[in-house]
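Below: one structure, written as structure tokens.
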Amino acid sequence: MNEKRKSSSKVRVRFAPSPTGFLHIGSARTALFNWLYARKNNGKFIIRIEDTDIARHQEDTISLMLNSLKWLGLNWDEGPDAGGRYSPYRQSARVDIYKEYTKKLIRERKAYHCFCSPEELKDKREKALKDNKFYKYDRKCLNLSAGEIKKNIDLGKKYAVRLLVPDNKTITFADNVYGTITVNSSNIEDFIIIRSNGLPTYNFSVAIDDALMEISNIIRGEDHLSNTPKQILIYNALNFVPPDFTHLPMILGSDGQKLSKRHGSISIESYREEGFLPQAILNYLALLGWAYDEKTTIFSASELVDKFSLDSITKKPAKFDYSKLLWINGHYIRDTEDKKLKEVIKKRVLQNILSKNKLEKIPAGHEIVEGLDEKIIKIVPLVKERIKTLSECDKLIGPFFVKVEYDAEIKNHFKDKKAFAAEVLNKTLDSLANTSKDKSNFNSSTIEHNLRQLSDQLNVSFRKIAEVVRIAMWGATISPPLFETMEIIGKEEAIKRLESYKNILAARL
RNA sequence: GGCGCAUUCGUCUAGUGGUCCAGGACAUAGCCCUCUCAAGGCUAAAACAGGGGUUCAAGUCCCCUAUGCGCUACCA
């Protein structure tokens, strides 16, 4: 057994989730910072699964998390699926290692058997709490003789193993973010390192694995700051050299409370479904607790790698600001090449628009999925700067693919101006009928030209004319640019829609 | 209760003793552009938690208070 971490200067960092659910915002930020540090320093990024709590363990969440990580573009060099020379990368497969070290600690009298039952301990703790007293394990089992221990074990009594924490020693470590942290060991009880089921507790397994896997830098959430002294105690007991520590400020909900489901979506997966781009999420997450300079807010992944530094991480917990994420996502949507956007949008059209509308609702010619690419590539430039998420896009472009629906409000839109609206529709239909049968004549500029003429002719502002046509065309007061939209829909369908709305008006006249 | 950590516009932040009547971004408001909605451009409003020190000089250093958060589990 190698007792000391090799003093190599190689950067090795890890992301160590416990498989209890989706990858959420906070974990993703931790993963990102580890990844950035590894890539920046030509180091290794390692994934380790901390699955020592059988009760909370959910096997299927492992692949869910790994998929989210992949989707974000955070690739790893060693991990449960990738292997590596420090495998296995799952704590459940490393219990023999922990047992080995436990034996050693017991042999050296740095740890001891504890036969106290969880109920007994709980009672003591609650009593202390009730009396407003400081509670610490009373070391009832510390001085059991070898014979007593053997007898208990032979009797089949369950036991846990506790670390013997030295009294009144100063534990100090330098955190890259929070500076020098000092704790007196007397404030730490002899905490359990092995549960009565034989599995290690977090602080024990994490310290051993980080040491054995030669992790050079630990980058994790601030909630672990108070755990660090305990882990240092373990490093010391085992003669391991502690790594470099960096604790990241927490990410909180808008109310300053711990980010949770109450605050809306917290899993990366749900952001993906909502239509956020991975680079937008990465960019936003990087800005939570880190800043490069006084003005830059947009960073590509490679710029982040290039500019990232542990020194510029802030201490203050950050509130998650959904509207800023939205803005960044909108930026990246605008920034994406049309061709690439077309692919993502196409997927969503097939999944969310065409599949959710029954065939009979889709007008003739629109159920055909061929020609979809050509159509979407024309739509992309019309919508890319008006959407902040892809799910907004779904809503905006629906009528390109599916029959328009006019709801009650839209049907009533022209209340006392029905005659005017009807006139606009009639004149527009006329001019469409008069234009050559040649379909190439049905393009945005001639459409616009005709409508502008109509505006002059009726002496009505152009926007009022456009409003009528828009509502007929889109069943909504907002739409992508009208004339380009009509060109994409095609003359035949455009005429149909003008007539449908005309009939609605007629019915109400 | 004990221990630890934090505190600059509503939000994310810049700021490492003078260059800060505190800079940027999101959000908000107004104007411009405009076929709607956006996008874009311009402008506005908006902060050093409070109190004591140290210093010629404090957002920046020290102390106290307040508030918030974390740990205090046979969770991680």
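So that the names make sense, note that chain A is the first sequence line, chain B the second, and so on, each numbered from 1.
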*Could you give the distance separating B:C12 and B:C48 at their P atoms, to the nearest angstrom?*
15 Å

*Kindly indicate whether a cation-pi arrangement holds for A:Lys411 with A:Tyr406, taking the cut-offs as under 6.0 Å to the six-membered ring centre and within 45° of the axis.*
no

*Just call it for A:Lys122: base, sugar-phosphate, or nothing, with non-hydrogen atoms closer than 4.0 Å on any strand.*
nothing

*Decide yes or no, distance alone: a donor-acceptor N/O pair under 3.5 angstrom between the base of B:C74 and the side-chain of A:Ser196.*
yes

*Residue that, paired with A:Val177, satisfies side chain to side chain contact (heavy atoms under 4.5 Å, CB included) out of A:Leu225, A:Thr246, A:Ile219, A:Asp311*: A:Thr246

_Within 6.0 angstrom of A:Gln457 CD, more than 12 heavy atoms from elsewhere_ = yes

_Ion pair A:Asp255/A:Lys319, N-O distance below 4.0 Å_ = no

_Base-contact (B) and sugar-phosphate-only (S) positions in nucleotides 30-39 of chain B, heavy-atom cut-off under 4.0 Å, - elsewhere_ = -----BBBBS

*asked:* Check A:Asp335 with A:Lys340, please: is the shortest side-chain N to carboxylate O separation under 4.0 Å?
replied: no

*Does the ring of A:Phe191 carry A:Arg162 above it, NZ/CZ under 6.0 angstrom from centre and within 45° of its axis?*
no

*Is A:Asn227 touching bases, backbone alone, or none of the nucleic acid, heavy atoms closer than 4.0 Å?*
base

*asked:* Which nucleotide wins on minimum distance to the side chain of A:Thr52, given the candidates B:U11, B:A76, B:C5?
replied: B:A76

*Please confirm whether A:Arg14 makes a cation-pi placement over A:Phe45, using NZ or CZ under 6.0 Å from the six-membered ring centre and within 45° of the ring normal.*
no

*Residues of residues 309-317 of chain A with any non-hydrogen atom less than 4.0 angstrom from an atom of RNA chain B: list those, numerically ordered, please.*
A:Thr314, A:Lys315, A:Lys316, A:Pro317

*Do the numbers put A:Arg29 on top of the ring of A:Phe33, so that NZ or CZ is under 6.0 Å from the six-membered ring centre and no more than 45° off the axis?*
yes

*Among B:C5, B:G10, B:G2, which nucleotide sits nearest the side chain of A:Asn187?*
B:G2

*Are any of the side-chain nitrogens in A:Glu59 or A:Arg90 under 4.0 Å away from the carboxylate oxygens of its partner?*
yes

*Can you sort out which residues in residues 286-296 of chain A have a heavy atom within less than 4.0 Å of RNA chain B? Ascending by number, please.*
A:Leu287, A:Leu288, A:Gly289, A:Ala291, A:Glu294, A:Lys295

*Could you state the atom-to-atom distance from NZ of A:Lys130 to P of B:U72 in whole Å?*
23 Å

*asked:* Should the side chain of A:Lys324 and the base of B:A25 be counted as holding a donor-acceptor pair, with the cut-off at 3.5 Å?
replied: yes

_In this structure, is the centre-to-centre distance between the rings of A:His331 and A:Tyr284 below 6.0 Å?_
no

*Looking at A:Phe299 versus A:Trp290, is the centre-to-centre ring distance below 6.0 Å?*
yes

*Base, sugar-phosphate, or nothing for A:His247, non-hydrogen atoms under 4.0 angstrom?*
nothing

*Looking only at side-chain atoms of A:Leu225, point me to the closest of B:A76, B:C5, B:C74.*
B:C5

